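Reviewing the structure listed below.
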Amino acid sequence: MQNFEEVYEVARLIPEGRVTSYGAIAKYLGTGARLVGWAMNASHLKNVPAHRVVNHAGVLTGKNHFATPTLMQELLENEGIIIIKDKIQNFKDLFWDPETELSL
DNA sequence: GATTTGACTACTA
DNA sequence: GTAGTAGCCAAAT
């Protein structure tokens, strides 16, 4: 569906050093959170920074779907995000909500 | 073509 | 604070 493309588009809009949640994207697109997760599953076919998308708790639940389980954390740390035990530190401050950021 | 599952979230008890 | 259930959409079986 085109929702996938919208998910990819929103994911690409995430600024470096910022992260968002599946639910935020899902709500922004008016779809289910699991749909976003499924889109991310296929994101490897696209040019989508899926590493900037985490669950509502800021935990890298999808790291296992990357080339290597550590790749996701390394990419995020490369953008200045601190991760401890697969969990984004200062997640609340780094959180990027499309509904808020794109609607300003 | 119907059922199950998946990188999720929110509500209810 | 923990546990279970419902809702979302698409792909896989």
Side-chain angles (χ1 to χ4, degrees):
Chain A
M1 281 297 258
Q2 289 183 332
N3 279 353
F4 272 51
E5 296 300 325
E6 290 190 287
V7 172
Y8 301 142
E9 187 173 351
V10 173
R12 291 194 201 105
L13 291 175
I14 302 174
E16 294 184 9
R18 292 296 194 94
V19 292
T20 191
S21 68
Y22 303 91
I25 297 175
K27 185 179 181 183
Y28 176 73
L29 298 178
T31 187
R34 310 193 86 170
L35 187 280
V36 179
W38 197 257
M40 290 299 104
N41 183 21
S43 66
H44 68 96
L45 303 174
K46 312 282 181 175
N47 211 9
V48 180
H51 59 275
R52 294 182 188 143
V53 183
V54 297
N55 72 351
H56 73 108
V59 181
L60 310 185
T61 52
K63 65 170 187 171
N64 198 30
H65 292 259
F66 283 78
T68 62
T70 58
L71 179 62
M72 187 175 189
Q73 177 173 336
E74 290 183 25
L75 287 171
L76 290 171
E77 289 181 334
N78 188 35
E79 300 189 359
I81 299 176
I82 306 302
I83 299 173
I84 299 177
K85 295 179 181 177
D86 302 334
K87 186 174 181 179
I88 296 177
Q89 302 302 300
N90 203 13
F91 172 63
K92 185 179 179 182
D93 188 52
L94 295 174
F95 185 73
W96 181 86
D97 187 353
E99 281 208 310
T100 300
E101 302 294 330
L102 299 179
S103 299
L104 288 174

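Being a predicted model, the structure only gives us computed values, none of them experimental. Computed over heavy atoms, backbone and side chain alike; hydrogens, waters and symmetry mates excluded. Below, chains carry the letters A, B, ... as their sequence lines are ordered, and counting in each starts from 1.
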Requested in this report: Would you check if Arg52(A) and Glu16(A) make a side-chain contact, meaning some heavy-atom pair closer than 4.5 Å?
Outcome: yes

Query raised in the report: Atom CZ of Phe95(A) and atom C1' of dT9(B): how far apart are they, to the nearest Å?
Result: 12 Å

Query raised in the report: Is Glu5(A) salt-bridged to Lys46(A), cutoff N-O under 4.0 Å?
Result: yes

Query raised in the report: Hey, what do you get for NE2 (His56(A)) to CZ (Phe91(A)), rounding to the nearest 0.5 Å?
Result: 9.0 Å

Report summary line: Nearest heavy-atom approach of Asn64(A) to Pro69(A) is OD1-CG, 4.3 Å

Report task. Could you list by number each residue of residues 22-40 of chain A showing a heavy-atom separation from DNA chain C of less than 4.0 Å, or answer none if no residue does? Result -> Thr31(A), Gly32(A), Arg34(A), Leu35(A), Trp38(A)

**Report entry** Interatomic distance at C1', dA3(C) relative to dA7(B), whole Å
**Finding:** 22 Å

Query raised in the report: Shortest non-hydrogen contact from Arg18(A) to Glu101(A)?
Result: NH1-OE2, 4.5 Å

Query - Length of the line joining Ile88(A):CD1 and dA7(B):P, which is rounded to integer Å - result: 18 Å

**Report entry** Shortest non-hydrogen contact from Ala24(A) toward Thr20(A)
**Finding:** CB-OG1, 3.5 Å

Query - Who pairs with dA7(B) - Watson-Crick or G-U, where each distance is under 3.5 Å - result: none

Query raised in the report: Rounding to the closest angstrom, what is the interatomic distance between dT4(B) and dA6(C) at atom P?
Result: 14 Å

Report task. Specify the residues of residues 53-78 of chain A, ordered by number, for which at least one heavy atom lies under 4.0 angstrom from an atom of DNA chain C. Result -> none

Report task. Give Ser43(A) one of three labels, base, sugar-phosphate or nothing, depending on what nucleic acid heavy atoms sit under 4.0 Å from its own. Result -> base

Report summary line: For dG1(C), the nucleotide meeting Watson-Crick or G-U wobble distances (both under 3.5 Å) is none

Query raised in the report: Taking C-beta and beyond as the side chain, do Thr31(A) and Phe4(A) meet within less than 4.5 Å on heavy atoms?
Result: no

**Report entry** More than 12 heavy atoms of other groups within 6.0 Å of Asn47(A) CG
**Finding:** no

Query raised in the report: When hydrophobic residues are tied together by side-chain contacts of less than 4.5 Å, even through go-betweens, does Val59(A) share a cluster with Met40(A)?
Result: no

Query raised in the report: Which is true for Ala42(A) with a 4.0 Å heavy-atom rule: it touches a base, it touches only sugar-phosphate, or it touches nothing?
Result: nothing

